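What you see is a predicted model, and the numbers here were worked out from it, not measured in a lab.
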Amino acid sequence: ARRKRRVAKKLDQARKKSAHILDNEDIGSREKANEINKLYKKAAAAGKKREVSYVVAKKHKAQKRAQRPANVKGPYKQVDPRMKKDTAAKRSGAKQGQKRRLKGKQAKPTKQFNTNKSAPRR
């Protein structure tokens, strides 16, 4: 609801500005149209979430107030390089929790080499 309200407010502001631009007689009609298009495009973009790009922090760059990387535009999030490994480990841990399927000879127990049974306790 807040986002809708914000977008509506922006569109209303754009409408007022466009009316002001239309009243201005110093500018040509084509320029007026371009200006109005720009206004409405900007107002519509206010409602959309911007894509957050993730930047992996290198050794000396991983400080509290790191500078913006040169090749990154828009909102970004600086992440720890170990974070990837941690999340991968979590996923693999979840897989390990599942029951292990026995393959090949192990699946068919034999008297000599029975892996399905645990070792007898003494």
Side-chain angles (χ1 to χ4, degrees):
R2 280 184 196 165
R3 190 182 296 164
K4 273 188 184 176
R5 224 177 303 136
R6 198 181 306 135
V7 171
K9 192 177 176 186
K10 290 274 184 187
L11 283 171
D12 198 43
Q13 285 175 348
R15 208 172 288 121
K16 285 177 185 174
K17 281 183 183 176
S18 63
H20 189 72
I21 290 170
L22 285 171
D23 291 341
N24 190 359
E25 291 169 10
D26 298 340
I27 315 169
S29 60
R30 185 175 283 172
E31 287 173 359
K32 283 182 186 178
N34 282 342
E35 288 288 322
I36 292 168
N37 269 343
K38 238 188 257 178
L39 278 175
Y40 277 108
K41 214 179 259 184
K42 204 172 188 181
K48 292 188 180 105
K49 277 191 177 178
R50 295 181 75 187
E51 198 77 14
V52 176
S53 55
Y54 294 98
V55 178
V56 177
K58 299 286 185 278
K59 277 183 190 172
H60 61 285
K61 303 272 188 190
Q63 56 216 13
K64 261 189 183 174
R65 275 181 270 137
Q67 292 175 341
R68 172 180 282 279
N71 56 352
V72 177
K73 285 182 182 172
Y76 75 100
K77 200 173 197 179
Q78 200 164 41
V79 292
D80 189 15
R82 287 165 295 195
M83 202 181 279
K84 271 186 184 174
K85 289 177 185 171
D86 289 346
T87 51
K90 257 187 211 163
R91 269 195 224 109
S92 68
K95 275 187 185 174
Q96 273 180 350
Q98 294 170 351
K99 204 168 187 181
R100 192 170 141 252
R101 277 262 152 99
L102 296 170
K103 298 175 197 162
K105 284 185 179 176
Q106 293 177 344
K108 301 173 206 101
T110 60
K111 283 182 182 174
Q112 182 190 1
F113 188 69
N114 192 350
T115 55
N116 285 349
K117 288 183 185 173
S118 58
R121 293 189 181 158
R122 292 179 189 167

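The shortest side-chain heavy-atom distance between K9 and R5 does not fall under the 4.5 Å cut-off.
Under the side-chain contact (heavy atoms from CB on, under 4.5 Å) criterion, N37 pairs with no residue at all, not counting sequence neighbours. N24 pairs by the side-chain contact (heavy atoms from CB on, under 4.5 Å) definition with D26, I27, not counting sequence neighbours. The side-chain contact (heavy atoms from CB on, under 4.5 Å) check on L11 picks up V7, R15, Y40, A43, with sequence neighbours excluded. The side-chain contact (heavy atoms from CB on, under 4.5 Å) test applied to K77 returns V52, Y54, not counting sequence neighbours.
The environment of K10 atom NZ is sparse: at most 12 non-hydrogen atoms of other residues, nucleotides or ligands sit within 6.0 angstrom.
The heavy-atom pair separating K32 from I21 by the smallest distance is CE-O, 3.6 Å. For A14 against L39, the heavy-atom pair with the smallest separation is O-CD1, 4.0 Å.
Expressed to the nearest 0.5 Å, how far NZ of K17 lies from NZ of K42 amounts to 7.0 Å.
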